[in-house]
Amino acid sequence: MSTSRILKWVTGALEALLGIPVLGGMIIVGLLWTPLLIMLILHIITLVLTKKDGGASTGSILGIVTSCIGWIPVVGMIMHILSAVFLMVNAAKEDNPSNGVVA
């Protein structure tokens with residue numbers, strides 16, 4: 001399993017945690033919106049590694065958008081849940097095997 005797929009699972013799980021209605025809001029507000037900045041950085045790193053590995057980048061791009069608008073109460077919750085679903089679906093798929101490696 002590639003590093004990008006592992007990061008997709010990790011960021012997907014964190015997005016799912018932040019998408020829990022009351023708990024996610026308490027985490028974000030309680031830590032002064034720092035989790036959104038941390039998630040933005042993690043999504044950018046995941047996107048770069050995913051592009052390098054030739055995998056699907058939909059979840060990471062959606063995660064970046066979510067981190068930018070996640071401070072809006074209900075919209076943020078919905079976006080966190082959608083990002084979690086897309087990231088985990090992308091993580092379950094194999095990366096593009098044609099990344100220059102000949103079997």
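Values below: all heavy atoms of this structure, side chains included; hydrogens, waters and symmetry mates excluded.
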Are [X] and [Y] side-chain neighbours, meaning at least one heavy-atom pair lies under 4.5 Å?
| X | Y | value |
| --- | --- | --- |
| Met26 | Leu31 | no |
| Lys8 | Val89 | no |
| Val85 | Glu15 | no |
| Trp71 | Ile28 | no |
| Met1 | Trp9 | yes |
| Val48 | Lys52 | no |

Quick one: [atom1] on [X] to [atom2] on [Y], what's the gap to the nearest 0.5 Å?
| X | Y | atom1 | atom2 | value |
| --- | --- | --- | --- | --- |
| Leu37 | Ser67 | CG | OG | 8.5 Å |
| Ile6 | Leu49 | CD1 | CG | 10.5 Å |
| Thr11 | Leu47 | OG1 | CG | 10.5 Å |
| Ile69 | Met79 | CD1 | CE | 4.0 Å |
| Thr3 | Ile45 | OG1 | CD1 | 11.5 Å |

Problem set entry | Sole residue of Asp53, Thr46, Asn90 in side chain to side chain donor-acceptor pair (under 3.5 Å) with Ser4 | Asp53
For this session: Would you confirm whether Lys93, through its side chain, and Met88, through its main-chain N or O, come within 3.5 Å as a donor-acceptor pair?
Result: no
Exercise. Honestly curious: do Val22 and Ile27 fall in one hydrophobic cluster under the side-chain, below-4.5 Å linking rule?
Worked result: no
Exercise. Picking from Val75, Leu17, Leu36, Leu14, what satisfies side chain to side chain contact (heavy atoms under 4.5 Å, CB included) with His80?
Worked result: Leu36
List the atom of [X], the atom of [Y], and the distance in Å for their closest heavy-atom pair.
| X | Y | answer |
| --- | --- | --- |
| Leu87 | Ser60 | CD2-N, 3.7 Å |
| Ile81 | Gly19 | CD1-O, 3.6 Å |
| Ile64 | His43 | CG1-CB, 3.6 Å |
| Ala84 | Gly12 | CB-O, 3.4 Å |

